[in-house]
Participant: 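Shown below is the structure under consideration.
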2 protein chains.
Amino acid sequence: MTDQLSQTFAALADPTRRAILARLAKGEATVNELAQPFHMSLPAVSKHLKVLEKAKLISRGRTAQWRPCRLEPEALKTIDGWLGDYRSLWEHRLDRLEDYLATLKTEEEEEQK
Amino acid sequence: MTDQLSQTFAALADPTRRAILARLAKGEATVNELAQPFHMSLPAVSKHLKVLEKAKLISRGRTAQWRPCRLEPEALKTIDGWLGDYRSLWEHRLDRLEDYLATLKTEEEEEQK
DNA sequence: GCTTTATTTAGCTAAAAAGTTAATTAACTA
DNA sequence: TAGTTAATTAACTTTTTAGCTAAATAAAGC
């Protein structure tokens with residue numbers, strides 16, 4: 001799990017981290033603000049943020065003693081791109097079923113000749 | 001990491017497993033066929049398949065001594081759905097940059113009055 | 001029934017992940 | 001400068017993950 005894509009997927013494989021991202025979608029927040037909804041120590045949240053940062057899902061500024069976090073959509077866009085290769089599998093699923101049924105019907109007609 | 005979405009993300013956070021999915025996108029395959037490209041023991045591949053199966057990314061049939069695997073697009077569709085909530089963040093990024101530049105320009109004009 | 005082929009399970013090891021509390025760093029504030 | 005607030009780092013524990021080899025199971029084929 002050394003590549004960037006794996007790291008991003010791994011970062012997303014945790015409900016706490018996804019909740020943090022959901023919060024950041026509404027705008028920047030500090031570590032304390034992000035930690036507030038969770039039954040978890042601050043260092044634990046800090047670690048989650050480090051994971052998200054390494055995965056390039058967030059970036060962090062520095063304003064006095066605060067380290068405001070913001071969402072970085074690029075990594076999500078990369079996931080979306082990866083998914084793109086598979087999208088037709090579910091989008092055209094019905095089409096392919098219809099194709100298949102059409103094929104069956106044709107074969108049936110062939111047999112009757 | 002007990003929920004289904006986390007499990008799916010975790011399953012995708014491994015290059016071997018993603019390669020297996022890429023192979024299965026081309027059609028069903030047996031465990032041996034799937035294992036063939038990797039420098040890895042068969043039990044290791046078997047474990048990866050179990051992870052993918054638990055994540056509902058694949059399902060497995062049973063034909064004699066073979067256990068053919070096939071891709072199940074539903075779990076990927078779920079990921080796509082989750083991503084959907086964030087899609088506007090990168091799709092409208094340029095728009096927002098343009099908005100921002102427009103704002104700057106307007107402010108400049110205001111100052112010159 | 002014995003052998004081969006396909007795959008999984010058992011039992012092990014090493015490394016990574018997720019959490020804890022206590023201590024530390026950094027910057028502001030009185 | 002001493003104290004407060006924000007956040008991180010250190011040190012530790014527990015659980016999970018990814019790999020291995022060797023053994024077991026399951027079905028087929030002679």
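Residue numbers start from 1 in every chain, and the chains themselves are labelled A, B, ... in the order their sequence lines are given, proteins ahead of strands.
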Participant: Judged by each residue's nearest nucleotide on DNA chain C, which is more toward the 5′ side, B:Val31 or A:Trp66?
Facilitator: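 Result: B:Val31.
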Participant: Using 0.5 Å steps for rounding, measure from the CH2 atom of A:Trp66 to the CD atom of A:Glu33.
Facilitator: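 Interatomic distance, A:Trp66 CH2 to A:Glu33 CD, rounded to 0.5 Å: 10.0 Å.
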Participant: Reckon A:Asn32 has a side-chain N or O less than 4.0 Å from the OP1 or OP2 of D:dT5?
Facilitator: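 Result: no.
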Participant: Which heavy-atom pair separates A:Leu24 from A:Ala29 by the least distance, and what is that distance?
Facilitator: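 Minimum heavy-atom separation between A:Leu24 and A:Ala29: CD2-N, 3.8 Å.
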Participant: Are B:Ser41 and D:dG19 close enough that a side-chain N or O sits under 4.0 Å from OP1 or OP2?
Facilitator: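 So the side chain of B:Ser41 is outside the cut-off, no N or O lying under 4.0 Å from OP1 or OP2 of D:dG19.
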Participant: Does the ring center of B:Trp90 lie less than 6.0 Å from the ring center of B:Tyr86?
Facilitator: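 Between B:Tyr86 and B:Trp90, which both carry aromatic rings, the centre distance is not below 6.0 Å.
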Participant: Just to confirm, is there a sub-4.0 Å distance from OP1 or OP2 of C:dA18 to any side-chain nitrogen or oxygen of A:Arg17?
Facilitator: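 Indeed, a polar side-chain atom of A:Arg17 lies that close.
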Participant: Whole angstroms only, please: what is the CG-C1' distance between A:Leu49 and C:dA17?
Facilitator: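 Atom CG in A:Leu49 sits about 16 Å away from atom C1' in C:dA17.
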Participant: With a 4.0 Å limit, can you tell me whether A:Ser46 has a side-chain N or O closer than that to the phosphate oxygens OP1/OP2 of D:dT8?
Facilitator: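 For D:dT8, OP1/OP2 do have a side-chain N/O of A:Ser46 under 4.0 Å.
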Participant: Tell me which of B:Ala64 and A:Glu33 sits closer to the 5' end of DNA chain D, going by the nucleotide each one is nearest to.
Facilitator: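 The residue whose closest nucleotide sits nearer the 5' end is A:Glu33.
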Participant: When the distance from NZ of A:Lys50 to P of C:dG19 is rounded to whole Å, what number comes out?
Facilitator: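 Atom-to-atom, A:Lys50 to C:dG19, this comes out as 15 Å.
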Participant: Specify the separation, in whole Å, of atom CD of A:Gln36 and atom P of D:dA6.
Facilitator: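 Rounded to the whole Å, the gap is 13 Å.
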Participant: Take atom CZ of A:Arg62 and atom P of D:dA7, then tell me their distance rounded to the nearest Å.
Facilitator: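 Taking atom P of D:dA7 as the reference, CZ of A:Arg62 is at 11 Å.
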Participant: Tell me whether the OP1 or OP2 atom of C:dT8 has a side-chain N or O from B:Arg60 closer than 4.0 Å.
Facilitator: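 For C:dT8, OP1 or OP2 has a side-chain N or O of B:Arg60 closer than 4.0 Å.
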Participant: Between atom CD1 in A:Ile58 and atom P in D:dA7, what is the gap in whole Å?
Facilitator: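 Taking CD1 of A:Ile58 and P of D:dA7, I get 12 Å after rounding.
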Participant: Is the backbone of B:Ala10 close enough, under 3.5 Å, to the side chain of B:Arg17 for a donor and an acceptor to pair up by distance?
Facilitator: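 Here the side-chain-to-backbone pair exists.
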Participant: As an exercise, state the distance from OG1 of B:Thr8 to CG of A:Leu12, rounded to the nearest 0.5 Å.
Facilitator: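 CG of A:Leu12 is found 11.5 Å from OG1 of B:Thr8.
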Participant: Measure from CE on B:Met40 to C1' on D:dT21 and round the result to the nearest Å.
Facilitator: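 Spelled out: CE on B:Met40 to C1' on D:dT21 is 16 Å.
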Participant: A:Leu52 CG to D:dT8 P: how many Å, rounded?
Facilitator: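 So the two atoms are 12 Å apart, to the nearest Å.
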Participant: Rounded to the nearest angstrom, tell me the gap between atom CZ in B:Arg18 and atom C1' in D:dA18.
Facilitator: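 Checked: the CZ to C1' distance equals 15 Å.
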Participant: For D:dA27, does OP1 or OP2 lie under 4.0 Å from any side-chain N or O of B:Arg67?
Facilitator: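 No, B:Arg67 has no side-chain N/O under 4.0 Å of OP1/OP2 on D:dA27.
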Participant: Which residue, A:Ala44 or A:Gln65, contacts DNA chain C at a nucleotide closer to its 5' end, judged by nearest heavy atom?
Facilitator: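 Of the two residues, A:Ala44 wins.
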Participant: Any side-chain N or O of B:His48 under 4.0 Å from OP1/OP2 of D:dG19?
Facilitator: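 Yes, within the criterion.
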Participant: Which nucleotide, C:dT21, D:dA22, C:dA26, lies nearest any side-chain atom of A:Pro43?
Facilitator: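 Closest nucleotide to the A:Pro43 side chain: C:dT21.
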Participant: Taking OP1 and OP2 of D:dA7, is either one under 4.0 Å from a side-chain nitrogen or oxygen of A:Lys47?
Facilitator: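 No.
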